[in-house]
Amino acid sequence: MSRDGVKHLIGRLATHQHLVSHAYYNSELIKDEENARGIELLQQHKVLIPRGDDAYTLHTTFRRFLDAALNIERLYGIGSDLGVAFERLEQLTNALFDVAHEGQMEDRERIEDEIRQSIYEISDNLAADLAHLRTLVENRFGNVSTLAEKKRQNAYYIGRTEKVVRAIELFTLSDLGERIQTQGAFANIAAMFRAQLQDRLPSFRQNLSDILEILKQYLFEYREIEERTRRVRSLWLYLERHPVYELQEWDETAHPQPWLLKASGLSIRSHPWVRDPEYTDALADLAGDIAPPTLRLPVERPRGTLIEEDPAPSVVLQIKPYQRAIENLITTCKSQNVRASALEWYFDHPNDLGGMSVSVWLQCVLEDLGPRKKKELGIAVVAEESPDPIFTGNVMVSDVHVEPA
Amino acid sequence: MFEATVIKLLEGAFICRTAYPDLFSFLEDESTRRQVDGYLTQIGRRLAATSHGEAYYAAHRAVGPSERTEIRSLFKEVKHELRPVLGFLNLIMQAQRADRTLGTGDVIDFPKTLLHISENPHLGEMLRGFAALGKEFASSDANLRTLLDRLLQQMVKTGYLIPDRQGDRFEVTGKIDYFYEVVDFLAENEQAIREAQDQESEGETGRLF
């Protein structure tokens, strides 16, 4: 189970509540041996931010949360816009100038505190903006998948970055920095203003300008991708609608397009120069690694001898009674030159047929005296038949007559 | 690295971040490019890059009779690949529900793409339509998985994709940038295509108002 980050953070805040409270009401906290451990732990959670010389302040966002929770109203209100924040800083400095000349010590301290917070806020917001923009630029708006959304985000951040850069430029051009550094009324905040804002602004501006350039480059690329996508779609549709469309012969122009000049591949194979003595050792090593070829010795087989085999046993096929009866029938028919009835033969020679039924006898006569045999023997076979009354296509054979052809 | 790079270029490869990351990084340095170009010059070639610098390749310096034969052969190859690659790009765009065409380094997830195609009969029909473009896309098995696999394998064979070890994720190579260069040229110079596109754009503008 993952650790509950919220409970952990609230636990830390509760443990070091005196440090948080001190930082909130006194604007800053100075690190010493006693509170060092607590400050480090709160710093890990980004509750405290180091401001140099062992001084720590609450993170702007956390401070804002406490302001809102405790209903503390800040002078001139804080806008999320950097231009508004700069404007507010200028108003605060004007107010400080006035109260310093009027000698109102209590108000002066309060306004100085507000100015410090305002400077931290500007500095923190710029650093956060920069970090956020860097992430977006590095992953090319990877948090969204569609090109349209990437384009929208890109356009939004271009606009926003341009505004921030313009605000920094306007602030740099104003005389506020010079006034803070030179007028006695700002003596207490001059060093902090220089360290936290004035010295850092050129670097912020440069980084933001670089990012702006990259964002504009992305915008150009997104437009190119959009155009390319449109072309791929429409060319595909065109070729789908015109399946037999033939491209012009661009390969025959006098000056072919650069993409047509791509060289086709060469088949490259290198061979060692085995006669160069310089490579003898290396080649010997290589040769040593080659497995010896498998030798196959010819196997000589001894000449064979013929073995006398026993002759195959002969079987004398016995002629069946009905076959003998058919032979006798034909002999009679041919010798007497008469037409013989197989049915009559059956009834005249009942002992020759071994108890065979009439129908089987007639079938045997018909099958045995097939076309080939009839031709060989020179006889004609006529079946006495009548159509079957039920099974159409079948015939009933009542007798078979055999006669010389 | 120099030797490996030059050999790859001479073999006709497109050196890009996806296919040969080391060689591509090597060529990212301008002085290296000059060196490689100098070497290729001696054998009548030069180091060329695709329009968006996504891939490097070796190109001929001049056009003589032997180069003319190669140019014809290359153009034949381009014509042969044009319809299938355009179809493939459109199919993947629709399957991924993307509003942009594939670029170098984009990844195609085989199971996800197959799922989207299976869920949409129109995409299934598009995939089956590839069989009409050549026997290399056809299969006796009309199964969508087999057809998609055949299509992706053909794109690997022609050098537009590189599969991962498991073969279910494919990365787009820099050769696609070369293909877009061809598409740009055809869109701008093939009269019939240009006119059709102009009409299409006018139609779109008209609808906006």
Side-chain angles (χ1 to χ4, degrees), chain A residues 139-142 144-154 217-271, chain B residues 7 9-14 40 44-46 48 50-52 57-63 67-68 70-79 82-83 86-87 89-90 93 96-103 129 132 178 180-193 196-197 200-201:
Chain A
N139 68 20
R140 291 183 167 241
F141 302 101
V144 288
S145 58
T146 64
L147 181 67
E149 189 50 43
K150 279 180 199 290
K151 262 183 75 182
R152 268 197 292 277
Q153 285 217 7
N154 190 60
Q217 174 61 29
Y218 283 177
L219 188 63
F220 174 72
E221 283 177 23
Y222 290 148
R223 282 179 183 156
E224 261 194 335
I225 293 170
E226 205 171 38
E227 174 62 14
R228 183 196 297 164
T229 306
R230 195 183 65 78
R231 278 187 169 169
V232 165
R233 273 193 189 128
S234 59
L235 186 56
W236 177 67
L237 278 173
Y238 184 83
L239 294 177
E240 283 284 293
R241 284 177 197 147
H242 304 86
V244 289
Y245 182 80
E246 279 293 325
L247 298 178
Q248 286 180 52
E249 292 175 343
W250 298 107
D251 50 338
E252 297 301 338
T253 55
H255 303 286
Q257 286 303 303
W259 50 268
L260 272 174
L261 294 177
K262 181 188 175 295
S264 60
L266 302 171
S267 175
I268 300 169
R269 286 186 72 185
S270 53
H271 301 276
Chain B
I7 287 177
L9 289 168
L10 288 177
E11 282 174 349
F14 281 95
L40 292 175
R45 286 158 169 78
R46 67 183 173 84
T50 54
S51 57
H52 295 92
Y57 60 94
H60 290 294
R61 275 204 171 271
V63 181
E67 286 80 18
R68 187 60 77 177
E70 271 193 42
I71 288 169
R72 284 190 194 112
S73 155
L74 178 62
F75 190 56
K76 201 174 156 193
E77 196 180 303
V78 165
K79 284 202 284 187
L82 186 64
R83 285 171 199 262
L86 281 172
L89 292 171
N90 276 284
M93 239 194 297
Q96 294 184 341
R97 298 176 182 100
D99 58 353
R100 66 175 187 87
T101 182
L102 288 172
Y178 177 82
Y180 290 139
E181 203 176 326
V182 176
V183 168
D184 285 343
F185 174 80
L186 297 177
E188 283 160 18
N189 295 282
E190 281 281 334
Q191 206 183 342
I193 294 172
Q197 284 184 348
E200 213 173 272
S201 312

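Letters A, B, ... mirror the listed sequences (proteins, then strands); counts begin at 1.
Here CD1 of B/I71 is found 10.5 Å from CH2 of A/W259. Values are rounded to the nearest 0.5 Å. Put simply, CG on B/L102 and OG1 on A/T229 are 9.5 Å apart, with the number rounded to the nearest 0.5 Å. Here B/D184 contributes atom CG and B/L186 contributes atom CG; the two are 9.0 Å apart, rounded to the nearest 0.5 Å. A/I225 CD1 to B/T101 OG1: the interatomic distance, rounded to the nearest 0.5 Å, is 9.5 Å.
Each of A/S267, A/P258, A/P243, A/A254 has some count of heavy-atom pairs under 4.5 Å with chain B, and the biggest count is that of A/P243. Annotation: maximal heavy-atom pairing with chain A below 4.5 Å, among B/K79, B/Q191, B/H52, occurs at B/H52. Counting heavy-atom pairs closer than 4.5 Å to chain A, the top-ranked of the candidates B/G129, B/A62, B/A58 is B/A58. In terms of heavy-atom pairs under 4.5 angstrom with chain B, the leader among A/E240, A/K262, A/E227, A/E249 is A/K262. No other option in B/E70, B/R83, B/E11 has as many heavy-atom pairs under 4.5 Å with chain A as B/R83. Each of B/R72, B/R46, B/R61, B/M93 has some count of heavy-atom pairs under 4.5 Å with chain A, and the biggest count is that of B/R72. Here A/R231 is the residue among A/R231, A/Q257, A/E252, A/E246 with the most heavy-atom pairs under 4.5 Å with chain B. Counting heavy-atom pairs closer than 4.5 Å to chain A, the top residue among B/V78, B/D99, B/L89 is B/D99.
Among residues at least two apart or in separate chains, salt bridge (Lys or Arg N to Asp or Glu O under 4.0 Å) pairs with a member in residues 217-226 of chain A are A/R140-A/E221, A/K151-A/E226.
A 4.5 Å side-chain heavy-atom check between B/V183 and B/L86 finds at least one atom pair inside the cut-off.
Heavy-atom distances place both the backbone and the side chain of B/L10 under 4.5 Å from chain A. Heavy-atom distances place the side chain of B/R45, and not its backbone, under 4.5 Å from chain A. Looking at B/A98, the atoms closer than 4.5 Å to chain A (heavy atoms on both sides) all sit in the backbone: N, CA, C or O. Interface remark: B/R68 contributes side-chain atoms only to the contact with chain A (heavy atom separation under 4.5 Å). For chain B, no part of A/Y222 is nearby; none of its heavy atoms comes within less than 4.5 Å. Contacts between A/H255 and chain B at a heavy-atom distance below 4.5 Å are absent for every atom of the residue. Heavy atoms closer than 4.5 Å to chain A are found nowhere in B/L9, neither backbone nor side chain. With a 4.5 angstrom heavy-atom cutoff, B/E67 does not touch chain A via any of its atoms.
Partners of B/R100 according to the salt bridge (Lys or Arg N to Asp or Glu O under 4.0 Å) rule, which considers only residues two or more places apart in sequence or in another chain, are B/D106.
Using bins of under 30°, 30° to 60° and over 60° for the plane-to-plane angle, the ring pair B/Y57/B/Y178 lands in the perpendicular bin.
Counting only N and O atoms by type, the side chains of B/E181 and B/T50 include no donor and acceptor under 3.5 Å apart.
For the pair B/L74 and A/L260, the tightest heavy-atom approach, listed with the atom from each and the gap, is CD2-O, 3.5 Å.
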